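Since we're looking at a predicted model, the values are computed, not measured.
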Amino acid sequence: GHTIFTGIDDFTKFTAPDTAELLPKEIQKYTLRSAIKDPNQPSFIQGSGHGGSHPHLCNEFVNAIVEGRQPYMDAVRSANYTAAGICAQESADHGGAEVEMKEICKSFGTNNVLKNVQFDLFAGEVHALIGENGAGKSTLMKILMGMYKKDSGSLSVLGSDEAYTNPDQALKAGVAMIHQELNPIPDMSVAENIFLGKEKRKWIFTSKKEQEKESKRYLDMLGIDLEPSVLMRELSVSEMQMVEIAKALSYGARIIIMDEPTSAITEAEVEKLFQNIKMLKEQGTGIIYISHKMDELFEISDRITVLRDGQYVFSKKTKDLCPNDLIKAMVGREITEIYPESKSKIGEVILKVKHASRKGEFKKIDFELRKGEKLGIAGLMGAGRTELMMAVFGAAKLEEGEIEIGGVPVRIQSPKDAIRQKIALVTEDRKRYGLNLTASVEDNAVSVIESSLSKFGFYRRKLGRKAAE
């Protein structure tokens, strides 16, 4: 291989991927990115081989990276600096958009979901996409990823006007999406999930050792202290999200879409996520960030685009906006009270929990809920909030403590007992605990009252449909 020298008296040898050394972080800012601007500047980067300096080798090296040729691509990836990031930086330097969507329209039957929407993204930028539920954010991103086909409008991604026909095409081109609802394969390892569909092979066999080695490299890039051999089911939601980012890096992603990435993680984990987003920005990766959290938008984004009812409202630099601007743009009117005063009449105690305990989860918890009251239960992830509610609902065993309803002690040992006491639980993990995903909306809606809709053991479909509606 050739040796790459930088202007800060350090160098890294680019050899085969399995022997390449990691490029030190302090060098990353000065080497290949600057070389693309002017490959002939010896103060930034020089090529050498066979004991002599050959500037033309440097030119060849940079051109090979930009064109995506091997073995240079592997060498750059092994050096903790993706070729995708370098190409993205080149795009930013020349002012071209990585994503350009114009006059995008999409309908489902008679429902117009998107009406002449526009959106663009530049390399090294965090562009937030916001709007109320149903504004069309997810549909627009699914068109970008090839999940949906646009009805009309123009779309250009990474210099190509050809729309992707499926997510696999998008991934291979360098566009990755981290969904709000993560879909890992729980009984496969971290490394197996990262390389799913693009397994490292030795002859006809999957090279588990090579996959774990490469996975560790990507995880280290993100500062994630995880063993690649750990099963996904053993990870927290935030750790799964970080694995998804590592997976995106393994594709050499130049564009990463993050859909509500902080919806189920702690403040400390949010800070770690933001550090990684900033690192990706420095490498030239474009980030599309979807969130409802105002403080996050103003901390992490460079620009914000607002959609309302499937229509484009505006796209402005974050520094030129305030929260009220965004709220007004999303809802279409001035909001004078973010948290209006509750006018509910608070009555007598209807639920009382005393000394509730469950080993390793919560201990000696007391609270009362009154008629007409909204009671908040706060705490960081792992504090025991969800576990406490699962126990009150009978989905987990309450090892100590008492529950009273209307002043009368009751025994709730199963969800069926709780339902009989007119208690309902909207679960944190609705896919795992709340819904039967293979059943219809009707069957899910009436599942807890099926007995009242049955006669002689037979379910009366007409009554069920009427109740669901």
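Between Glu162 and Val157, the closest side-chain pair of non-hydrogen atoms is not below 4.5 Å. Between Ile143 and Leu114 the shortest side-chain heavy-atom distance falls below 4.5 Å. Between Ile256 and Ile277, the closest side-chain pair of non-hydrogen atoms is not below 4.5 Å. Between Met330 and Ile130, the closest side-chain pair of non-hydrogen atoms falls below 4.5 Å. No side-chain heavy atom of Tyr433 sits under 4.5 Å from any side-chain heavy atom of Thr386. Inter-residue side-chain proximity for Ile288 and Phe119 is flagged as met; some heavy-atom pair is nearer than 4.5 Å. Glu103 is not listed as a side-chain neighbour of Ser154, based on a closest heavy-atom distance of 4.5 Å or more. Annotation: side chain of Asp220 is not in contact with side chain of Arg217 (no heavy-atom distance under 4.5 Å).
Side-chain contact annotation: Lys198 with Ser250, donor-acceptor N/O pair under 3.5 Å present. If you check the side chains of Thr206 and Glu199, you find no donor sitting under 3.5 Å from an acceptor.
His355 places no side-chain N or O within donor-acceptor distance of the main-chain N or O of Lys363, the cut-off being under 3.5 Å. Lys293 places a side-chain N or O within 3.5 Å of a backbone atom of Thr262 that can act as its donor or acceptor partner. Judged by distance alone, with hydrogens and angles left aside, the side-chain atoms of Asn111 form no donor-acceptor pair with the main-chain N or O of Val113 at under 3.5 Å. Proximity of a side-chain donor or acceptor of Ser357 to a complementary backbone N or O of Lys364 within less than 3.5 Å is detected. Counting only distance, with no hydrogens or angles, the side chain of Asn444 and the backbone of Leu435 share no donor-acceptor pair below 3.5 Å. A donor-acceptor distance shorter than 3.5 angstrom exists from the side chain of Gln169 to the backbone of Thr165, with no hydrogens or angles considered. Side-chain N or O atoms of Lys106 include one that pairs as donor or acceptor with a backbone N or O of Lys149 at under 3.5 Å.
In the displayed structure, Lys115 atom NZ is contacted under 6.0 Å by more than 12 heavy atoms of other residues, nucleotides or ligands. Shown here is Asp225, whose CG atom has no more than 12 heavy atoms of other residues, nucleotides or ligands within 6.0 Å. Atom NZ of Lys316 is surrounded by 12 or fewer heavy atoms from other residues, nucleotides or ligands within 6.0 Å. Within 6.0 Å of CZ in Phe298 there are more than 12 heavy atoms belonging to other residues, nucleotides or ligands. The environment of Lys216 atom NZ is dense: over 12 non-hydrogen atoms of other residues, nucleotides or ligands sit within 6.0 angstrom.
To the nearest 0.5 Å, atoms OG (Ser344) and NZ (Lys371) are separated by 12.5 Å. Atoms CD and OG1, from Glu125 and Thr285 in turn, are 12.5 Å apart once rounded to the nearest 0.5 Å. Here NZ of Lys208 is found 7.0 Å from OG of Ser229. Values are rounded to the nearest 0.5 Å. Here CE of Met242 is found 5.5 Å from CD1 of Ile224. Values are rounded to the nearest 0.5 Å. The CE atom of Met141 lies 5.5 Å from the CE atom of Met101; values are rounded to the nearest 0.5 Å. Interatomic distance, Glu260 CD to Tyr289 OH, rounded to the nearest 0.5 Å: 8.0 Å.
Of the charged side-chain nitrogens involved, none lies within less than 4.0 Å of a carboxylate oxygen, so that Arg358 and Glu387 do not count as a salt-bridged pair. Salt-bridge formation is detected for the pair Asp302/Lys281: a Lys NZ or Arg NE/NH1/NH2 atom is positioned less than 4.0 Å from an Asp or Glu carboxylate oxygen. Remark: Glu373 does not engage Arg370 in a salt bridge, criterion side-chain N to carboxylate O under 4.0 Å. The existence of a salt bridge linking Asp259 and Lys142 is excluded, since no basic side-chain nitrogen approaches an acidic carboxylate oxygen closer than 4.0 Å. Looking at Glu210 and Lys213, no side-chain N of the basic residue comes within less than 4.0 Å of a carboxylate O on the acidic one, giving no salt bridge.
Across every non-hydrogen atom of Ala176 and Ala248, the tightest pair is CB-CB, 3.7 Å. Heavy-atom minimum distance, Phe195 versus Gln211: CE1-O, 3.5 Å. Listed here is the closest heavy atom pair of Lys137 and Ile290: CE-CG2, 3.7 Å. Considering every non-hydrogen atom in both Leu280 and Leu249, the closest pair reads CD2-CD2, 3.4 Å. Taking all atoms of both residues into account, the shortest heavy-atom contact from Lys352 to Glu368 is CE-OE2, 3.3 Å. The nearest pair of heavy atoms linking Leu398 to Ala391 is CD1-CB, 3.9 Å.
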| Verdict with supporting geometry, Arg385 and Met389, side chain to side chain contact (heavy atoms under 4.5 Å, CB included) | CA-CA 7 Å; Arg385 301 161 303 166; Met389 292 298 100; over 6 Å; no
| query | Can Val331 and Glu132 be said to form a side chain to side chain contact (heavy atoms under 4.5 Å, CB included), step by step? | reply | CA-CA 7 Å; Val331 302; Glu132 292 188 291; 3.5 Å; yes
| message | Does Val190 form a side chain to side chain contact (heavy atoms under 4.5 Å, CB included) with Leu219? I'd like the steps, not just the answer. | response | CA-CA 10 Å; Val190 168; Leu219 294 170; 4.1 Å; yes
| field | Test side chain to side chain contact (heavy atoms under 4.5 Å, CB included) applied to Tyr312 and Thr305, step by step | value | CA-CA 8 Å; Tyr312 172 85; Thr305 289; 4.0 Å; yes
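Using cut-offs of 30° and 60° for the angle between ring planes, the Tyr148 and Phe108 rings count as perpendicular.
Partner of His127 under the side-chain contact (heavy atoms from CB on, under 4.5 Å) criterion, out of Asp120, Ile304, Ile287, Thr318: Asp120 alone.
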